[in-house]
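Quick notes on the structure that follows.
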Amino acid sequence: MTCRMVLRAPRPRFLRSICCFGSWARQLQRQSSGSVYSSIHGFSQEEIKEKLQAFPGGSIDLLKQDSGIAVLTINNPPRMNAFSGAMMVDLEEKVTQLENWTDGKGVIVQGAAQTFCSGSDLNAVRAMSNSQDGMKMCMFMQNTLTRLLRLPLISVALVEGNALGGGAELTTACDFRLMASGSVIQFVHKHMGLVPGWGGAARLVTLVGSRNALKLLGGAVKVDSDLGVHIGLADGVLKVDLDAARAETGLQQAESWLSQYTKGPAPVIKAVKKVVLSGRELSLSDALRTEKDIFGTVWGGPANLQALASKSKHK
Ligand SMILES: CC[C@H](C(=O)O)C(=O)SCCNC(=O)CCNC(=O)[C@H](O)C(C)(C)COP(=O)(O)OP(=O)(O)OC[C@H]1O[C@@H](n2cnc3c(N)ncnc32)[C@H](O)[C@@H]1OP(=O)(O)O
């Protein structure tokens, strides 16, 4: 039973370390790090990285703040924050840094210059239009976005302007989505003769159900903030205050929204994310065992002892 699950989706590092596997499965664990594809699938991360680096432009910027909330910015304004190949590689490196951030509790993913992301850089897409290269790029992005979703941090996509194609897929690799009024999430893939390939379809089904997902993909529907909230794709709408002096930026609003859920010590917040992640990804029996193990990491820990000593009441 356990082995069959591993075949479908290798587990994140924290899950792998606390579940029992045979030696074959252990080898599989070593080869992947929370990713979906590794060398056992004939996939070479390094080979595709080299190809992607041939398409320069833009950057992915990471700001780790003392609050424990990081801001990850998709930064390529001349192309409406489209992903160049170099940005795909950069994103993978920034996700690695977030995986190793001991004091982290949350991350906000935003686009530079008040728009989210217009998907793949069409110039790179045109140059990589053979199916082999396309599939390798998609495996690379699936790996990275799966690791983003599996971070032990609570993640929020701050959607301003447009999230199109791969940009729409990126929003689904966060735990939550906040949409500014006037913003749009659109899976434009059908108009491009494509379907999502960065894992966006699978995640969309989980978020909005298969019937809504069929409508959004089949109709390449423009999801505005009202529709987003209605179908459960968006978790909140950012306020626009016409008085510019008083107005909070989208980022400030997203930070205060996220801080409701990240108050407290990092090990406890990370444990919260991990129990939810195991409930989302594992069978009930495996999730229960994992939950027990994660519980063991906080039981008797500093925050727990302090709460017991202060005899706190929850009124
Ligand atoms: C479908 C799957 C695939 C994947 O998963 O890998 C993709 O994501 S393919 C990309 C899908 N996205 C698009 O097709 C977006 C196409 N662009 C647009 O619809 C518009 O540009 C829009 C709505 C983003 C912005 O429109 P607006 O009128 O406000 O601005 P411009 O059109 O003048 O755009 C400014 C500037 O940005 C360039 N641009 C925009 N998107 C991309 C992109 N994805 N790749 C490369 N370049 C992009 C656009 O060409 C303009 O450049 P300029 O040099 O001024 O012509």
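Bear in mind the structure is a predicted one, so any value in this text is a computation, not a measurement. Every number for a ligand or one of its atoms is a count from 1 in the order of the listing. FYI, side chains are in, hydrogens and waters are out, and symmetry mates aren't considered; it's all heavy atoms of this structure.
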>> Could you tell me if the side chain of N123 sits less than 4.5 Å from the side chain of R79, heavy atoms only?
In response: yes
>> Strictly inside 4.0 angstrom of atom 37 (O) of ligand 1, do you find any protein heavy atom?
In response: yes
>> In the complex you have, is atom 50 (O) of ligand 1 within reach of the protein, judged by whether a heavy-atom distance drops under 4.0 Å?
In response: no
> Do Q110 and T73 have a side chain donor and acceptor closer than 3.5 Å?
Replying inline: yes
>> If you take the nearest heavy atom of each of H191, M80, M137, which one is closest to atom 25 (C) of ligand 1?
In response: M80
> Could any protein non-hydrogen atom be found less than 4.0 Å from atom 5 (O) of ligand 1?
Replying inline: yes
>> I'd like to know if atom 45 (N) of ligand 1 has any protein heavy atom within a distance of less than 4.0 Å.
In response: yes
> In terms of atom number and element, which parts of ligand 1 are under 4.0 angstrom from non-hydrogen atoms of G119?
Replying inline: 8 (O)
> In the protein, which heavy atom is nearest to atom 48 (C) of ligand 1, and how far is it?
Replying inline: R79 O, 3.8 Å
> K94 and I60: which non-hydrogen atoms are nearest, and at how many Å?
Replying inline: NZ-O, 2.8 Å
> Looking at side-chain heavy atoms only, is the closest gap between Q65 and V71 below 4.5 Å?
Replying inline: yes
> Are K105 and I154 side-chain neighbours, meaning at least one heavy-atom pair lies under 4.5 Å?
Replying inline: no
> Hey, is atom 53 (P) of ligand 1 under 4.0 Å from any protein heavy atom?
Replying inline: no
> For ligand 1, is there an atom lying under 4.0 Å from some heavy atom of M141?
Replying inline: no
> Under 4.0 Å from any heavy atom of G165, which atoms of ligand 1 are there?
Replying inline: 8 (O)
> Is ligand 1 less than 4.0 angstrom away from at least one heavy atom of L164?
Replying inline: yes
>> Please give me the minimum heavy-atom distance between M87 and S59, naming the atom from each residue.
In response: CG-N, 3.6 Å
> How far is atom 11 (C) of ligand 1 from its nearest protein heavy atom, and which residue and atom name does that atom have?
Replying inline: S118 O, 3.5 Å
>> Counting only heavy atoms, tell me which of E169, K190, H189 gets closest to atom 1 (C) of ligand 1.
In response: H189
>> Using a 4.0 Å heavy-atom cut-off, which part of W198 comes near ligand 1: side chain, backbone, both, or neither?
In response: side chain
> Considering only heavy atoms from C-beta outward, does the side chain of L170 approach that of I74 to under 4.5 Å?
Replying inline: yes
> Does a donor on one side chain sit under 3.5 Å from an acceptor on the other, for R147 and T96?
Replying inline: yes
>> Distance under 4.0 Å to a non-hydrogen atom of D121: what atoms of ligand 1 satisfy this?
In response: 45 (N), 46 (C)
> At a non-hydrogen distance cut-off of under 4.0 Å, which region of P78 contacts ligand 1 (side chain, backbone, both, or neither)?
Replying inline: backbone
>> Below 4.0 angstrom, counting only protein heavy atoms, does anything approach atom 41 (N) of ligand 1?
In response: yes
>> Contact between E169 and M141 at the side-chain level, heavy atoms closer than 4.5 Å - yes or no?
In response: no
> Of the protein's non-hydrogen atoms, which lies at the shortest distance from atom 9 (S) of ligand 1, and what is that distance?
Replying inline: L122 CD2, 3.8 Å
> Do W198 and V208 belong to the same hydrophobic cluster, where Ile, Leu, Val, Met, Phe, Trp and Tyr are linked whenever their side-chain heavy atoms lie under 4.5 Å apart, directly or via other members?
Replying inline: yes
> Does atom 20 (C) of ligand 1 have any protein heavy atom closer than 4.0 Å?
Replying inline: no
> Counting from 1, what ligand 1 atoms have a heavy atom of A82 closer than 4.0 Å?
Replying inline: 43 (C), 44 (N), 45 (N)
> Can you list the atoms of ligand 1 that are under 4.0 Å from a heavy atom of G166?
Replying inline: 5 (O), 7 (C), 8 (O)
> Atoms of ligand 1 less than 4.0 Å from M192 heavy atoms?
Replying inline: 1 (C), 14 (O)
>> Less than 4.5 Å apart, side chain to side chain, heavy atoms only: is that true for V107 and W101?
In response: no
> Can you find a heavy atom in the side chain of I294 that is under 4.5 Å from one in the side chain of T297?
Replying inline: yes
> Which one holds for S120 and ligand 1: side chain close, backbone close, both close, or neither close, with close meaning a heavy atom under 4.0 Å?
Replying inline: both
> How are the rings of Y37 and H41 set to each other: parallel, tilted or perpendicular (split at 30° and 60°)?
Replying inline: perpendicular
> Protein heavy atoms: any of them under 4.0 Å from atom 31 (P) of ligand 1?
Replying inline: no
> Parallel under 30°, tilted from 30 to 60°, perpendicular over 60°: which one fits the rings of F176 and Y261?
Replying inline: parallel
